[in-house]
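Notes to accompany the following structure.
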Amino acid sequence: MKRIIIADDSTTARMFIKRCLQIIGLGDAEIIEAEHGKEALAAAKEQCPDILLTDLNMPVMDGETLLKWVKASPKLCELPVIIITSAGNPAKEAQLLELGARQVINKPVSPPVMMNALKDFLED
Amino acid sequence: MIEHKPLFEAMKQAVSQTLENMAFVETMEHYDQSYELPAEDLVWTSMLIMDPVQGELHLAMSKALLVKLTTAIFALDIDEVTENHLHDSLDELLNTIGGLFMSNLLADNQTYQLGLPEFGEGELPPPEPNSVIWKLMTSDEDPLQVIATGAPLVALKD
């Protein structure tokens, strides 16, 4: 069973992402929800997830800082990170990919977009 | 009469894409552009645009419409919807709309930064003189408004 962390300060966004995951066949995945980057980082260190889906714009610790911490951690640096954001454009996307993000998805997320972003992950 | 400049189109498209994708609701320009949302039963959320221009966006609608949208977003029955669901869904709608709006307006190599949405009820803050208002409605003719304030943000229409 896959273990997925979803980090977003919005309950609505987390629910919407979970619904997309169910639609693309990840309904039986174990979902760990976090309201900000710090919570997601702590969960990632404890729970060894298979993938981390995170928003950018969050209180306490934003998604970009979370990404930097994950990539700097010897324990977590191989963890695939997908950014799901309302503040994305090609320039920001290039910056985040440079920092080590696997994919950057713009909100509103949809099942086909999610499917495409997680294609490699689903094939594992 | 609505001016159909890039700023206007950028917002219309952002609202339409967001509501259709998240709540399965179509939106269009309101047929009566003199229509004002009544202050009673009004809910709204505000979000700062912090970079590269400064301004603020407000999304306002009746609580009845917000309940409708929230039941669709969360796939809940009306009696299962809580105040938290309502606040959070309105905030997330504006967050998504704001991102698409800025993305539609700015060049591909231009990054932008949004603030965190803040929920409010009752009368909207008084509009600034240079505000731009989008008077929209759903396919069920439920009205909603988006307001952009801040001279640098509104100047993007030029």
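Lettering follows sequence order; numbering is per chain, from 1. Treat the numbers as computed from the prediction; the structure is a model and nothing was measured.
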Answer with yes or no whether the hydrophobic clustering places [X] together with [Y]; edges join I, L, V, M, F, W, Y residues whose side-chain heavy atoms lie under 4.5 Å apart.
{"X": "B:V132", "Y": "B:M137", "answer": "no"}
{"X": "A:W69", "Y": "A:I5", "answer": "yes"}
{"X": "A:L26", "Y": "A:L52", "answer": "no"}

How many angstroms lie between [atom1] in [X] and [atom2] in [Y], if you round to the nearest 0.5 Å?
{"X": "B:E92", "Y": "A:K107", "atom1": "CD", "atom2": "NZ", "value": "3.5 Å"}
{"X": "A:M15", "Y": "B:M22", "atom1": "CE", "atom2": "CE", "value": "7.0 Å"}
{"X": "A:T85", "Y": "B:N95", "atom1": "OG1", "atom2": "CG", "value": "7.5 Å"}

Report task. Report the C-alpha distance between A:F16 and B:N21 in whole Å, list the side-chain angles of each, state the deciding distance to 0.1 Å, and finish with yes or no for side chain to side chain contact (heavy atoms under 4.5 Å, CB included). Result -> CA-CA 10 Å; A:F16 209 74; B:N21 194 305; 3.7 Å; yes
Greater than 12 external heavy atoms within 6.0 Å of [X]'s [atom1]:
{"X": "A:R102", "atom1": "CZ", "result": "no"}
{"X": "B:E80", "atom1": "CD", "result": "yes"}
{"X": "B:E123", "atom1": "CD", "result": "no"}
{"X": "A:K38", "atom1": "NZ", "result": "no"}
{"X": "B:E26", "atom1": "CD", "result": "no"}

Report task. Examine whether an atom of B:Q17 lies under 4.5 Å from a heavy atom of chain A, and if so say whether it belongs to the side chain, the backbone or both; otherwise answer neither. Result ->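 Looking at B:Q17, backbone and side chain both touch chain A.
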Requested in this report: Would you mind checking which part of B:A107 comes under 4.5 Å of any heavy atom in chain A, side chain (CB onward), backbone (N, CA, C, O), both or neither?
Outcome: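 For B:A107, the contact with chain A is made by the backbone alone.
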Query raised in the report: What option among B:G98, B:P117, B:S89 has the most heavy-atom pairs under 4.5 Å with chain A?
Result: B:S89
**Report entry** Largest heavy-atom contact set with chain A, pairs under 4.5 Å, which of B:N84, B:I73, B:D91, B:T18
**Finding:**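 It is B:I73.
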Determine yes or no for a side-chain-to-main-chain donor-acceptor pair under 3.5 angstrom, with [X] supplying the side chain and [Y] the backbone.
{"X": "A:S86", "Y": "B:T96", "result": "no"}
{"X": "A:N89", "Y": "B:S103", "result": "no"}
{"X": "B:D88", "Y": "A:T12", "result": "yes"}

Query raised in the report: Which atoms of A:N57 come close to chain B, meaning under 4.5 Å heavy atom to heavy atom: side chain ones, backbone ones, both, or neither?
Result: both
Requested in this report: With a 4.5 angstrom heavy-atom cut-off, could you sort out which part of A:E93 is near chain B: side chain, backbone, both or neither?
Outcome: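 Looking at A:E93, nothing touches chain B.
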**Report entry** Distance-minimising heavy-atom pair for B:A72 and A:R19
**Finding:** O-NH2, 3.8 Å
